[in-house]
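Here's the structure, in structure tokens; my notes come after.
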Amino acid sequence: MIVCSCNVLSDRDVRGCLNPGADCPRTPAQVYRCLGCSAQCGRCARTIRKIMDATLPGIDPCAGCPAACETHHDEAMEHAG
Ligand code: FES
């Protein structure tokens with residue numbers, strides 16, 4: 001299933017770059033980079049995060065992430081809301 005229409009990325013593409021280890025992407029932005037592209041509209045970021053959470057349970061996606069990043073902000077809003 002295509003999860004990012006701007007970059008034509010499938011859920012399989014996203015899972016394929018998630019390998020537990022030191023160089024495993026921790027944020028959607030790192031997933032885009034891993035797959036040789038970058039966020040365009042950003043609408044798929046939450047879906048990519050959900051795939052990451054399901055594929056890599058227990059890994060803190062905000063570890064090493066700046067407090068002002070979009071992902072952190074979205075999570076903060078979810079917790080607040
Ligand atoms: S749908 Fe992924 S960047 Fe637009």
What distance do [X] atom [atom1] and [Y] atom [atom2] have between them, rounded to the nearest 0.5 Å?
| X | Y | atom1 | atom2 | result |
| --- | --- | --- | --- | --- |
| Ile48 | Arg43 | CD1 | CZ | 12.5 Å |
| Asp13 | Tyr32 | CG | OH | 12.5 Å |
| Arg33 | Cys17 | CZ | SG | 11.5 Å |
| Ile2 | Thr47 | CD1 | OG1 | 12.5 Å |

* To do: Following the transitive rule for hydrophobic clusters with a side-chain heavy-atom cut-off under 4.5 Å over Ile, Leu, Val, Met, Phe, Trp and Tyr, establish whether Met1 and Ile51 coincide in one cluster.
  => yes

* To do: I would like to know whether Val31 and Leu18 meet side-chain contact (heavy atoms from CB on, under 4.5 Å); could you show each step before the answer?
  => CA-CA 8 Å; Val31 168; Leu18 299 176; 4.1 Å; yes

* To do: For residues Pro28 and Ala45, report the shortest heavy-atom separation together with the two atoms involved.
  => CG-O, 3.7 Å

* Asked: Which pair of heavy atoms, one from Arg26 and one from Met52, lies closest together, and at what distance?
  -> C-CE, 3.4 Å

* To do: Show your reasoning for whether side-chain contact (heavy atoms from CB on, under 4.5 Å) applies to Asn7 and Leu35.
  => CA-CA 9 Å; Asn7 292 305; Leu35 294 171; over 6 Å; no

* Give the intermediate values and the outcome of side-chain contact (heavy atoms from CB on, under 4.5 Å) for residues Leu9 and Cys44. => CA-CA 10 Å; Leu9 302 178; Cys44 58; over 6 Å; no

